[in-house]
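Let me begin by presenting the structure, written as structure tokens, before commenting on it.
What you see is a predicted model, and the numbers here were worked out from it, not measured in a lab. Keep in mind that the numbers below use all heavy atoms, side chains included, and drop hydrogens, waters and symmetry copies. Throughout, residue positions are numbered sequentially from 1 according to the sequence presented.
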Amino acid sequence: MDWSQMLQIFLFSLLCLTGSSKAVGELCKDYGREFERVFSVPGDAAMLTSTLLAPNVFNYDTVPYNISWYNPRTGRKLTSETGKTLVQGKTLWMFNIEMDDAGDYVCVVRTPFQCYKQATLLIVNQINPEECGRPQNEVEQVLTNTASAFLSCPLSDQIRKVDNYSIQWYKGCERIVEDDPLWDRFTYVSDGQKLLVAQVSPEDHGFYTCTMTFDLEGLSGRISETFVGMVKMEYCLVPKVVEPANKIIKADLGSSFSKMCRVFVLSVGGQCADLIWIARDDIIPENVSERVFQESQSEWREEEMKGVWIERQLNFLAVEEEDFYIDYMCQVWSDRGYYSASFTLHPADPNYLLPIGVLLTSLVLVFTVGVVIYRRFKIDMVLSFRRMFPFLYTNTESDGKLYDAYVAYPHLSGSVASGEVEMFALHTLPQVLEGRCGYRLFILGRDSQPGEAIVDAVEESMWASRRLLLVYTGSTFCSGGQSDSSSSSDVLEAWKSFERQMAMHRALLEDSLKVVLVELEEITPTQLAFFPESVRHLRERQGAVCWWKSRRTRGLRCGRWGEEEVKEKRGELASPSFSSLSLSSSSHFWKELRYYMPVRGKRTKCPEKNSLLNI
């Protein structure tokens, strides 16, 4: 402890010993009279409090001090020994007040180097028997009509000082009793510090007195305060913020966005609340030229709900990155208090619907185009693939078959059509398929052994072939009118009865031989009626390679229309002779025929369209 501190303690001790002998007229810094007056009535207690212990007077946290109270009329120091007064530092309690107790009471605060004094005025008034309240009190508390409201006891400062207490409320001269049915709308709350008035009506207007009976350091007293309970006919209840709802709202970057602050207030008349939008602790401007601005406040009354709607809209002309993850708060000010609600702006989730839709549309488009291209160029694509990647195919030479195809055609004579059919079967087919493409064909009469039975030759050759090329015209299956020669008729019957039956049996029942129908001329519905049922079925199921149709449709497969889809008049039109078509115009026919021929792992290059010009 240094010498300065020891000196302060010595001087303060000396001050305490001599302070009682000093008069209130000593030279102290005078702060005059306390602004707040203390009102009381005879028989009550009063609490006087000095405001000298304040930072603007001296630093009472570090500087030692002593407090004394004086009655300037007698010059006597007040103590707790008389039983009428109680000194608690800066607070002076007076009990059982009389009319003569009215006047100033001086509080003196002494430090080692300075003293300060201040007077507090006590006013004592007689009670007006007609009013029963405490006079000289202009405090008001508002009760809202039709609502429930609280009245607060004005003795909160005194309540904090006493040891124990009880509170009694009065309206005018009548005591408010909780259990009394006359006061069923009144409830004591918080040990009587508040009085709840339910369903306020105009008759609740009047004087209310809060009387506290208390004990303090062995002394008992009573203190009261009176105020006016004013029923307000024009009222506003607590505002209810409908939106925003303290939630996260998502918006697209760059898009415009707006959010409404909507508040409802149960009220009768008057302006009830003010709304304002705030972000980042700053008020959002109302200037419409700003990118983010708030509109003017608007309100309208809804009579059915007995209230008023108050709105204020927040606008974003274009949402930017800096707007995200910010709390936008709508603050509401009213005489009922301060309320707020907010929302947080987040970026919207990625919209996968559009890219998914584009992707699916593209896939459908690609699939459709692919199907169209495949159907149009399927044969060319397959033949090109076979030619470029022959190593991907198994060599058919190891399957035990001797021939790639068995050629079956009508063996007729005595007509121009029969000569052209034989020319096609015996010369044209071998010239292209064998000479150019390397296939091996079996043609009855050309490849059968001399003296060999036809039945044996047909059966053995079909078993040794991988395909059956069934060449026919419109008159191939017609009975009669084909030739006047009995020998030709016998050959026809033999071809029809055995060669065709053998082929159809293996193709349809055993599924061991694939039949390729080669149609040399257009078939009319009348001619189709004479076709065997097995041929019609096969023609309907897989179609035919049409020699005659190459020029017209560039390779579309024929035979997929029924008799009901073809007008009978087509039979009246003369069909173009297949012999009139040149090989060069039928190049697609050869591609289609090769498409149905067996796939061989390695083979001689087959002529394309231009090479057929030399055939």
TODO: Would you check if L317 and V292 make a side-chain contact, meaning some heavy-atom pair closer than 4.5 Å?
DONE: no

- [ ] Take the angle between the ring planes of F343 and W277 and call it parallel below 30°, perpendicular above 60°, tilted in between.
- [x] perpendicular

Open item on the list: Quick check for you: to the nearest 0.5 Å, what is the distance between F39 atom CZ and N125 atom CG?
Closed with: 7.5 Å

- [ ] Ignoring hydrogens and angles, tell me if any N or O in the side chain of D180 forms a donor-acceptor pair with the backbone of V177 under 3.5 Å.
- [x] no

Task: Side chains of S342 and D327, donor plus acceptor under 3.5 Å - done: no

- [ ] Let me see the working for L92 and Y105 under side chain to side chain contact (heavy atoms under 4.5 Å, CB included), right down to the final yes or no.
- [x] CA-CA 9 Å; L92 173 65; Y105 291 84; 4.2 Å; yes

TODO: Would you check if there is a donor-acceptor pair between the side chains of T144 and R336 at a distance under 3.5 Å?
DONE: yes

- [ ] Look only at the side chain of T74 and the backbone of R76, and say whether a donor-acceptor pair between them is shorter than 3.5 Å.
- [x] yes

TODO: Decide whether a cation-pi geometry holds between R222 and F95; the criteria are a distance under 6.0 Å from NZ or CZ to the six-membered ring centre and an angle within 45° of the ring axis.
DONE: no

- [ ] Taking only Lys NZ, Arg NE, NH1 and NH2, and the carboxylate oxygens of Asp or Glu, determine whether D104 and R73 approach each other closer than 4.0 Å.
- [x] no

Task: OG-CD distance between S258 and E295, expressed to the nearest 0.5 angstrom - done: 8.0 Å

Open item on the list: I need the L365 CG to L360 CG distance, nearest 0.5 Å.
Closed with: 12.5 Å

Task: Cationic N near anionic O, under 4.0 Å, K232 to E140 - done: no

TODO: Could you tell me which non-hydrogen atom of V265 sits nearest to which non-hydrogen atom of V263, and how far apart they are?
DONE: CG2-CG1, 4.0 Å

Task: Polar contact flag, side-chain donor to acceptor under 3.5 angstrom, Q118-T51 - done: yes

Task: Exercise: identify the closest heavy-atom pair between P72 and V106 - done: CG-CG2, 4.1 Å

Open item on the list: With a 3.5 Å distance limit and no angle check, can you tell me whether W69 reaches the backbone of G89 through a side-chain donor-acceptor pair?
Closed with: yes

TODO: Count the heavy atoms of every other residue, nucleotide or ligand shown that sit under 6.0 Å from OH of Y352, and state whether that count exceeds 12.
DONE: no

- [ ] Indicate whether any N or O donor in one side chain lies under 3.5 Å from an N or O acceptor in the other, for E217 and Q88.
- [x] yes

Open item on the list: Checking side-chain hydrogen bond (donor to acceptor under 3.5 Å, both in side chains) between Y188 and each of E178, Q168, K194, Q193, which is the one that passes?
Closed with: Q168

Open item on the list: Quick check: closest heavy atoms across Y339 and P239, and the distance to 0.1 Å?
Closed with: CE1-CD, 3.5 Å

Task: Student check: side-chain heavy atoms of Q294 and I276 closer than 4.5 Å - done: yes

TODO: May I ask you to test the F214-N164 pair for a side-chain heavy-atom distance under 4.5 Å?
DONE: no

Open item on the list: Do the side chains of K171 and D204 get close enough for a salt bridge, i.e. N-O under 4.0 angstrom?
Closed with: no

Open item on the list: Is it the case that atom NZ in K84 sees more than 12 heavy atoms from other parts of the structure closer than 6.0 Å?
Closed with: yes

Open item on the list: Has T85 got a side-chain atom pairing as donor or acceptor with T79's backbone, closer than 3.5 angstrom?
Closed with: yes

TODO: Please step through side chain to side chain contact (heavy atoms under 4.5 Å, CB included) for the pair R185 and S201, ending with a clear verdict.
DONE: CA-CA 11 Å; R185 293 189 298 108; S201 63; 3.9 Å; yes

TODO: Look at R291 together with E322 and state whether they make a salt bridge at an N to O cut-off of under 4.0 Å.
DONE: yes

Open item on the list: Could you measure the distance from the CE atom of M47 to the OG atom of S40? Nearest 0.5 Å is fine.
Closed with: 12.0 Å

Task: Minimal non-hydrogen separation, Q141 against F150, with atom names - done: OE1-O, 4.2 Å

Task: side chain to side chain donor-acceptor pair (under 3.5 Å) partners for D157, two or more places apart - done: R160

Task: Residues that H205 engages under side chain to side chain contact (heavy atoms under 4.5 Å, CB included), provided they are two or more places apart - done: V228, M230, V231

Open item on the list: Tell me whether E320 at atom CD has more than 12 heavy atoms from other residues, nucleotides or ligands lying less than 6.0 Å away.
Closed with: yes

Task: Sub-4.5 Å side-chain heavy-atom contact between P202 and M233 - done: yes

- [ ] Give a yes or no on whether the ring-centroid distance for Y325 and H346 is below 6.0 angstrom.
- [x] yes

TODO: Would you check if I326 and R280 make a side-chain contact, meaning some heavy-atom pair closer than 4.5 Å?
DONE: yes

Task: Y338 to Q331 - nearest heavy-atom pair and separation - done: OH-NE2, 2.8 Å

Open item on the list: Once ring-ring contact (aromatic ring centres under 6.0 Å, His included) is applied, what residue pairs with a partner in residues 243-267 remain, sequence neighbours excluded?
Closed with: F257-F316, F264-W309

Task: Pairs satisfying salt bridge (Lys or Arg N to Asp or Glu O under 4.0 Å), at least one member in residues 362-372, at least two apart - done: none

Open item on the list: Ignoring hydrogens and geometry beyond distance, is a side-chain donor-acceptor pair present between Q313 and N315 at under 3.5 Å?
Closed with: yes

Open item on the list: Just so I know, are the side chains of V332 and V241 near enough to count as touching, which here means a heavy-atom distance under 4.5 Å?
Closed with: yes

- [ ] For F293 and N287, work out which heavy atoms get closest and say how close.
- [x] CB-O, 3.2 Å

Task: Main-chain N/O of L275 paired with R312 side-chain donor or acceptor, under 3.5 Å - done: yes

Open item on the list: C153: which residues meet the disulfide (SG to SG under 2.5 Å) condition with it, sequence neighbours left out?
Closed with: C210

- [ ] Give a yes or no on this: more than 12 heavy atoms of other residues, nucleotides or ligands lie within 6.0 Å of atom CZ of R375.
- [x] no

- [ ] Check the pair V108, K77 against side chain to side chain contact (heavy atoms under 4.5 Å, CB included), reporting the backbone distance first and the verdict last.
- [x] CA-CA 10 Å; V108 177; K77 180 180 178 180; over 6 Å; no

Open item on the list: Tell me whether Y328 contacts the main-chain N or O of D323 through its side chain, where contact means a donor paired with an acceptor under 3.5 Å.
Closed with: yes

Task: Distance, nearest 0.5 Å, that separates CD1 of I310 from CD of E299 - done: 5.0 Å

TODO: Taking the side chain as every heavy atom from C-beta outward, state whether L237 and S267 have any pair of such atoms under 4.5 Å apart.
DONE: no

- [ ] Could you give me the CA-CA distance, side-chain angles and deciding distance for E174 and W183, then say whether side chain to side chain contact (heavy atoms under 4.5 Å, CB included) is met?
- [x] CA-CA 11 Å; E174 298 183 45; W183 304 98; 3.6 Å; yes

- [ ] Verify whether the ring centers belonging to Y65 and F58 lie closer than 6.0 Å.
- [x] yes

- [ ] Applying side chain to side chain contact (heavy atoms under 4.5 Å, CB included), name anything that partners D274, two or more places apart in sequence or on another chain.
- [x] Q271, Q297

TODO: To the nearest 0.5 angstrom, please state how far the NZ atom of K161 sits from the CH2 atom of W93.
DONE: 8.5 Å

- [ ] With the side chain counted from C-beta on, respond yes when L195 and T187 share a heavy-atom pair under 4.5 Å apart, and no when they do not.
- [x] no

